[in-house]
2 protein chains.
Amino acid sequence: MTTDATTVRERIRANFATLTQSERKFATALLDNYPAAGLASITIVAANADVSTPTVARMVQKLGYKGYPQFHSALLSELEAKVSGPTQRRADWASEAPESHLLNRFAGAVGDNIQKTLANLNSTAFDAAVDLLSDTDRRLYVVGGRITRALADYAFTHFQAVRKRITHMTSSSATWPHYVLDMAEGDVLLLFDVRRYETNLLRLAELAKAHGVRVILITDQWASPVSAHADHSFHCWTPIPSAWDSNVATMMLLEALIAATQEANWPETRARYDQLDEIFDTARLFGQ
Amino acid sequence: MTTDATTVRERIRANFATLTQSERKFATALLDNYPAAGLASITIVAANADVSTPTVARMVQKLGYKGYPQFHSALLSELEAKVSGPTQRRADWASEAPESHLLNRFAGAVGDNIQKTLANLNSTAFDAAVDLLSDTDRRLYVVGGRITRALADYAFTHFQAVRKRITHMTSSSATWPHYVLDMAEGDVLLLFDVRRYETNLLRLAELAKAHGVRVILITDQWASPVSAHADHSFHCWTPIPSAWDSNVATMMLLEALIAATQEANWPETRARYDQLDEIFDTARLFGQ
DNA sequence: TCTGGCGTGAAAACATTTTTCCAAACATTG
DNA sequence: CAATGTTTGGAAAAATGTTTTCACGCCAGA
């Protein structure tokens, strides 16, 4: 009757023959909406399947669980395992250094961050942001804070190769109002803000928003206050075994946005790349 | 305080600013393992996040739920909606976006790059480089090229918090000879060079080497010509499905170097961090 | 038609969860 | 450094959830 099969689904299939009519009714309902239909209380779950609570209680015991709570937590661990899914390859990310070497601890944390960043990413929002970024009718402004200035700079360098009409707002916040003055309705502001969040960036976002500018925010998992004003917010996981925060996941998201923008408008981008190459080759002649 | 945002995740983000420390602890645990970490009983869920049950109860009310059961069933319906097919509602998990979505292809490539970078990393060289970087008797110079300027900038910002006596050599190569003039034997030059490799950086490395400077090179898998002159070279894998190269692995290696340097000299670093915090707090007062 | 076994759910008994209240710990301010 | 307000978790009370018991109805076989 009982089996040592691993998942609830498998146990149901293995024992289906031994189940009574009402028990099958519940089993079917669970498989139809798996695992959600088994994660509420026994009362609710039974009512949804239109059977009585004792039926459910008896069935989970037939499946080999000690009681409903044990069955419930079995479903939960399955869900947990499934969600950590595809990106879990990081098991073999280790270098030849000992397990406890900082490199390996670090790599583990970075892998986690990337996985969690992706798991929490709204792909609809991603696509919408890319639409904004690749629309050259909208001027694109890029800005970052103390730490993220480097990321904003990186974004600027790459977007410059991908599209025209882009401005990097220098880190000196005193000049920001001048930039806002020139912003048109529908322009796009790509803003980086990670802890410690900076008041100046919040003010800038408010100001830009008031001028009808669309704000795309890249922040950390705790979310900068700017997210209240942003059209699209992206949250990048940052914890590492260290006193400061990692921006590897942030960099990954940024590069993904750039790559998608490039793909969205390939012919134009292609031409720009070719021109750029030519110019660099010429510059190299001078340099030699 | 309450919002009419739809998902639990969104509500947490929208209200994160109003949450207390313990509440954030739970919120973070939930986002880290969403939604499984919110689907057990309040007792278990609180214990897993290492907070008390009243904390969780208070938080879900702040998020606008009448009580924990309502919060629980909200999570459950999200799960249900998500499982019931990609067409039904927007799939906000990258892992569930179509296999062919750029995000997934991109994430796969980035994972590969990190894995290969680590596999090809010589941990003895890493440790030796960290020894050089954490020795404040040696002045540290940081420099990058067109693309890697941003990484050099990022390195500078972080090393500044970790150690004294560091200089960021601006990207205008015309001024580099002046810096070399001031370099002493035993000083360290952290140099970034990825394709397309820049002649100026090669000249700089030769010049520095001639002055007895130790050169640490961070480059890509094809290796910049600078590696011929470098004391330690690190090769970061860069291929992505795109016309340009990814620097996520490069960023990871850089952060690992910074983290190791910080760890090598923790007491000094600690003091610098505390001072920095103080100064920023003061600066914030001005900023307001 | 009776008898015995099985499946089922109502309801009682029991266990756990959820909420509320409160005092201690903590941070903040004058 | 005391006064004040906020945050926090322990513990009891209230509410729910889970299990068990048991009686009823159904059906097969004598």
Side-chain angles (χ1 to χ4, degrees), chain A residues 1-2 8 11-12 15-30 35-77 195-196 222, chain B residues 1-2 8 11-12 15-30 35-77 274 277-278 280-282 284-285 288:
Chain A
M1 198 167 287
T2 304
V8 172
R11 290 199 193 193
I12 290 178
N15 294 295
F16 201 82
T18 74
L19 299 183
T20 70
Q21 210 172 319
S22 303
E23 286 166 354
R24 287 179 191 199
K25 200 168 164 188
F26 169 67
T28 309
L30 175 55
L39 285 172
S41 76
I42 193 174
T43 322
I44 293 168
V45 149
N48 285 344
D50 204 26
V51 298
S52 68
T53 42
T55 300
V56 175
R58 280 187 293 258
M59 194 198 85
V60 301
Q61 287 185 2
K62 271 196 194 170
L63 295 185
Y65 300 100
K66 220 186 133 216
Y68 185 79
Q70 201 187 97
F71 161 83
H72 182 275
S73 73
L75 275 176
L76 212 48
S77 356
R195 271 208 320 198
R196 313 169 106 214
W222 300 285
Chain B
M1 199 167 287
T2 305
V8 172
R11 291 201 192 190
I12 288 179
N15 294 296
F16 202 87
T18 74
L19 300 183
T20 69
Q21 215 171 318
S22 304
E23 287 167 351
R24 287 176 191 203
K25 200 167 163 189
F26 169 67
T28 308
L30 176 56
L39 286 172
S41 75
I42 194 174
T43 323
I44 293 168
V45 150
N48 285 344
D50 205 25
V51 298
S52 67
T53 43
T55 300
V56 175
R58 280 186 292 255
M59 195 199 85
V60 300
Q61 287 187 359
K62 271 196 192 171
L63 295 186
Y65 299 99
K66 220 187 129 214
Y68 185 79
Q70 199 185 98
F71 160 84
H72 182 275
S73 72
L75 274 176
L76 214 48
S77 355
D274 289 348
D277 263 8
E278 235 171 80
F280 279 125
D281 282 343
T282 316
R284 180 155 305 187
L285 289 181
Q288 289 287 3

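Proteins get letters first, then strands, A, B, ... in listed order; numbering begins at 1 in each. Values below: all heavy atoms of this structure, side chains included; hydrogens, waters and symmetry mates excluded.
- Of the side-chain N and O atoms in Thr20(B), none sit less than 4.0 angstrom from OP1 or OP2 of dT6(D).
- For the pair Ala49(B) and Lys25(B), the tightest heavy-atom approach, listed with the atom from each and the gap, is O-CE, 3.7 Å.
- Within 4.0 Å of Thr43(A), counting heavy atoms only, lies at least one base atom of the nucleic acid.
- Contact of the Gln61(B) side chain with the Lys66(B) side chain is not registered, since no non-hydrogen atoms from C-beta on lie closer than 4.5 Å.
- Among the nucleotides dG17(D), dT18(C), dC21(C), the one closest to any side-chain atom of Ile42(A) is dG17(D).
- Considering only side-chain atoms of Ile44(B), the nucleotide from dT17(C), dG17(D), dT18(C) that sits closest is dT17(C).
- For Ser52(B), counting side-chain heavy atoms from C-beta on, the closest listed nucleotide (dT7(D), dA11(C), dG9(D)) is dG9(D).
- Between Lys25(B) atom NZ and dG9(D) atom P there is a gap of 7 Å when expressed in whole angstrom units.
- Atom-to-atom, CG of Leu39(B) to P of dG17(D) comes out at 15 Å; the value is rounded to the nearest Å.
- Atom pair Lys62(A):NZ and dC6(C):P shows a separation of 12 Å (rounding to whole Å applied).
- The side chain of Thr53(A) places no N or O atom within less than 4.0 Å of a non-bridging phosphate oxygen (OP1 or OP2) of dT18(D).
- Closest approach of Leu30(B) and Gly38(B) over heavy atoms only: CD1-N, 3.5 Å.
- At least one side-chain nitrogen or oxygen of Ser22(B) sits closer than 4.0 Å to the OP1 or OP2 atom of dT8(D).
- Atom CD of Gln21(A) and atom C1' of dT8(C) are 11 Å apart (whole Å).
- Picking from dT19(D), dT19(C), dT8(D) the nucleotide with the shortest atom distance to the side chain of Tyr68(A) gives dT19(D).
- Put simply, the side chain of Thr28(B) gets close to the backbone of Arg24(B): a donor and an acceptor are under 3.5 Å apart.
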